[in-house]
Amino acid sequence: MLSARLWITIVTAALANALALGLAAWILDGFTLTPGWWVVAVVLFTVLSVVLRTVALRVTSSRWLRVSTITGGLALTAIALALTDVIVPDSGFAIHGWGTWVVVTLVVWAAGVAFGEVDHHAPASTPGVSPDTRAAREGERRAS
């Protein structure tokens with residue numbers, strides 16, 4: 001069974017993706033996102049992002065992890081968007097034009113980075129944080 005912390009992370013990631021996709025569709029004429037397909041696109045994009053990230057982390061050497069974080073994150077976001085675009089019908093989710101693809105990718109990636117900062121740097125008192133994590137964070141605070 002999934003831990004409460006993992007559920008919080010999944011729901012928060014989906015909300016961040018929903019906001020980012022909605023914002024991108026709102027500001028860009030070349031991006032079509034209908035309300036009915038928005039939910040499907042958010043769920044699909046979130047699942048694809050998690051799966052692609054997991055695979056990338058397993059095949060990437062830790063030596064290159066820092067270098068590949070930004071470029072890899074952008075590439076994984078673009079791939080997840082492309083797969084979502086292919087799977088969801090054009091009537092509900094469609095990105096037209098290279099410029100639109102670049103901006104949508106940047107907006108969604110930036111939201112993912114912001115989510116990652118909030119999710120991974122939450123205070124130890126955040127609900128769902130394990131006692132081990134809480135103890136490790138308290139030890140880090142004492143050491144600094």
Side-chain angles (χ1 to χ4, degrees), residues 1-140:
M1 181 145 186
L2 298 177
S3 71
R5 178 71 185 138
L6 184 56
W7 278 112
I8 291 169
T9 296
I10 291 169
V11 170
T12 307
L15 288 173
N17 291 333
L19 289 172
L21 289 169
L23 174 66
W26 183 53
I27 64 173
L28 298 168
D29 291 332
F31 184 20
T32 304
L33 181 62
T34 61
W37 285 103
W38 187 6
V39 174
V40 174
V42 166
V43 170
L44 181 61
F45 177 80
T46 301
V47 168
L48 288 168
S49 296
V50 169
V51 169
L52 289 170
R53 182 174 167 247
T54 302
V55 169
L57 288 173
R58 287 192 180 154
V59 299
T60 303
S61 165
S62 61
R63 178 176 152 204
W64 294 105
L65 194 56
R66 275 270 199 228
V67 173
S68 65
T69 299
I70 293 174
T71 55
L74 284 167
L76 293 176
T77 300
I79 293 167
L81 283 170
L83 291 171
T84 302
D85 189 48
V86 167
I87 295 168
V88 177
D90 281 346
S91 61
F93 184 97
I95 303 172
H96 303 284
W98 285 105
T100 305
W101 271 101
V102 169
V103 174
V104 171
T105 300
L106 288 171
V107 167
V108 174
W109 172 79
V113 169
F115 158 73
E117 286 300 311
V118 169
D119 186 55
H120 294 104
H121 292 89
S125 62
T126 302
V129 173
S130 73
D132 295 336
T133 304
R134 187 171 289 121
R137 288 185 181 167
E138 287 172 2
E140 289 171 7

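Take Ile79 and apply the side chain to side chain contact (heavy atoms under 4.5 Å, CB included) test, not counting sequence neighbours, and it matches Leu52, Leu83. In this view, Ala20 and Val107, Val108, Ala111 satisfy the side chain to side chain contact (heavy atoms under 4.5 Å, CB included) rule, not counting sequence neighbours. Annotation: side chain to side chain donor-acceptor pair (under 3.5 Å) contacts of Thr46 (sequence neighbours excluded): Asn17. The ring-ring contact (aromatic ring centres under 6.0 Å, His included) search around Phe31 returns Phe93, not counting sequence neighbours.
Contact annotation: the side chain of Leu48 never approaches that of Leu81 to less than 4.5 Å [non-hydrogen atoms, C-beta and beyond]. Proximity of Leu23 to Leu19: side-chain heavy atoms (C-beta onward) are nowhere separated by under 4.5 Å.
For the residue pair Leu74 and Thr105, the shortest heavy atom distance occurs at O-CG2, 3.7 Å.
For residues 78-92, the set of pairs meeting the side-chain hydrogen bond (donor to acceptor under 3.5 Å, both in side chains) definition, not counting sequence neighbours, is empty.
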Show me the donor-acceptor pairs, under 3.5 Å and distance only, between side chains in residues 33-45 and residues at least two apart or in other chains.
residue: Trp38; atom: NE1; partner: Ala18; partner atom: O; Å: 3.2

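Of the inter-residue distances, the one linking Ile10 atom CD1 with Leu15 atom CG reads 12.0 Å to the nearest 0.5 angstrom.
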Checklist entry - Would Asp29 and Thr100 count as a side-chain contact (heavy atoms from CB on, under 4.5 Å) if you check the C-alpha gap in whole Å, the side-chain angles of each, and the deciding distance to 0.1 Å? => result CA-CA 8 Å; Asp29 291 332; Thr100 305; over 6 Å; no
